[in-house]
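Here's the structure we're looking at; comments come further down.
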Amino acid sequence: MTSDLVKKIERLKKEKNAIILAHNYQIDEVQAIADYTGDSLGLSQQAAEVEEDVIVFCGVDFMAESAAILSPDKTVLLPERNAGCPMAEMVTVEGLRAKKKEYPDAAVVCYVNSSAAVKAESDICCTSSNALNIVESIDNDQILFVPDDNLGHYISQQTDKEVILWAGRCITHHRVQANHLDEVKEAHPEAPIIVHPECRPEVVEAADYVGSTSQILKFASESDAEIIIIGTEMGILYRLNNENPDKTFYILNQGLICKNMKLTSLKHVADALENVQYRITVEEEIRVRAKETLDKMLELSR
Ligand code: 13P
Ligand code: SF4
């Protein structure tokens with residue numbers, strides 16, 4: 001069954017001149033058939049430069065939306081239409097406009113986990129791998145950072161700028177508590193603990209390394225440690241195990257599972273290619289303004 005689907009996907013991919021992009025949290029089978037697997041920054045960079053006519057985006061909606069913003073001439077497909085990011089929904093354009101009135105001197109930095117409309121209302125976009133560089137590149141002393149207060153707090157600890165936080169966060173990463181690190185440290189005292197900056201401040205504080213999903217993969221492959229504790233969504237274990245067969249990885253907490261990232265199956269990918277569904281488009285006026293914020297980020301991340 002799986003191999004039939006894989007063959008079908010390969011055939012349709014050629015017929016439609018399509019590329020499959022997948023996030024590091026996708027289910028193993030989907031990562032296995034992807035042409036490129038990466039973090040939000042890597043996926044945006046890929047999406048901006050693809051030559052194929054069709055981009056099948058295996059991730060959540062804001063990621064496919066970013067691809068549609070960056071490559072409007074391509075057909076961008078989100079195979080499972082319900083795959084959203086709850087954190088991205090925690091900031092609305094109306095809410096952001098009201099906050100901007102409160103802080104007229106602040107530059108707005110929006111985490112890529114946000115809607116196209118919120119990106120259009122912001123000055124520049126960032127991902128977890130470049131957030132500090134982006135914030136430091138801005139002339140303003142005051143930054144309004146939306147929507148992730150955990151990532152915003154992490155950045156605020158490393159800059160002299162005043163960072164105004166938004167009350168949003170990732171429900172998956174926020175599940176990890178500081179006592180989970182204490183327990184794992186007791187069981188594996190030698191093992192480094194590496195976490196995503198979407199985790200709570202006290203978790204980030206107690207970790208040995210903090211980075212985006214691709215930065216976590218890089219750290220793990222370069223580390224001499226035989227056992228490594230991972231504090232991000234467990235889909236990342238697929239690449240960690242494949243790329244580091246001599247190392248052992250433990251997930252920091254069993255709650256580190258994002259149900260939205262798990263919605264996309266091989267069947268959805270095959271159906272997406274066959275029926276050209278579900279097409280993601282962005283209204284042109286919003287797209288043009290949102291693209292400016294993404295372009296500025298990509299320019300600073302070369
Ligand atoms: P990365 O950009 O680190 O892959 O993170 C995306 C994301 O949604 C994390 O929850
Ligand atoms: Fe959104 Fe968190 Fe899922 Fe990432 S892991 S897609 S931030 S809910």
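Only this structure's heavy atoms are used, side chains among them; waters, hydrogens and symmetry mates stay out. This structure is a prediction, so every number in the text was calculated from the model and none was measured. Atoms within each ligand, like the ligands themselves, are counted from 1 in listed order.
Contacts between Glu198 and ligand 1 below 4.0 angstrom, taking non-hydrogen atoms only, involve the side chain exclusively. Here Thr127 has no heavy atoms under 4.0 Å from ligand 1, in either its backbone or its side chain. Under 4.0 Å from ligand 1, the heavy atoms of His173 that appear belong solely to its side chain.
Remark: minimum distance from atom 8 (O) of ligand 1 to any protein heavy atom is reached at Asn113 ND2, 3.3 Å. In terms of protein heavy-atom proximity, atom 6 (C) of ligand 1 is closest to Ser40 OG, 3.3 Å. Nearest protein heavy-atom neighbour of atom 8 (S) of ligand 2: Pro86 CD, 3.5 Å. Protein heavy atom in closest approach to atom 5 (O) of ligand 1: His196 NE2, 3.3 Å.
Below 4.0 Å from some heavy atom of Ser212 lie the following atoms of ligand 1, by number and element: 3 (O). Every atom of ligand 1 is numbered from 1 in the order shown, and the set under 4.0 Å from a heavy atom of Asp39 is 1 (P), 2 (O), 4 (O). Atom numbering of ligand 1 starts at 1 in the shown order; those under 4.0 Å from a heavy atom of Ser128 are 1 (P), 2 (O), 3 (O). Listed by number with element, the atoms of ligand 1 under 4.0 Å from a non-hydrogen atom of Tyr25 are 7 (C), 9 (C), 10 (O). Near Asn113, meaning under 4.0 Å from any of its heavy atoms, are these atoms of ligand 2: 7 (S).
By the 4.5 Å heavy-atom criterion applied to side chains, Leu300 and Asn133 are not counted as neighbours.
Heavy atoms of Met87 come nearer than 4.0 angstrom to ligand 2 in at least one pair.
Inclusion of Cys170 in the first shell of atom 2 (Fe) of ligand 2 is supported: an N, O or S atom falls under 2.8 Å. Atom 1 (Fe) of ligand 2 has an N, O or S atom of Cys85 closer than 2.8 Å.
With hydrogens and angles ignored, the 3.5 Å screen pairs no side-chain donor or acceptor of Glu274 with any backbone N or O of Leu12.
In this model, a donor atom of one side chain and an acceptor atom of the other lie less than 3.5 Å apart for Glu162 and Gln142.
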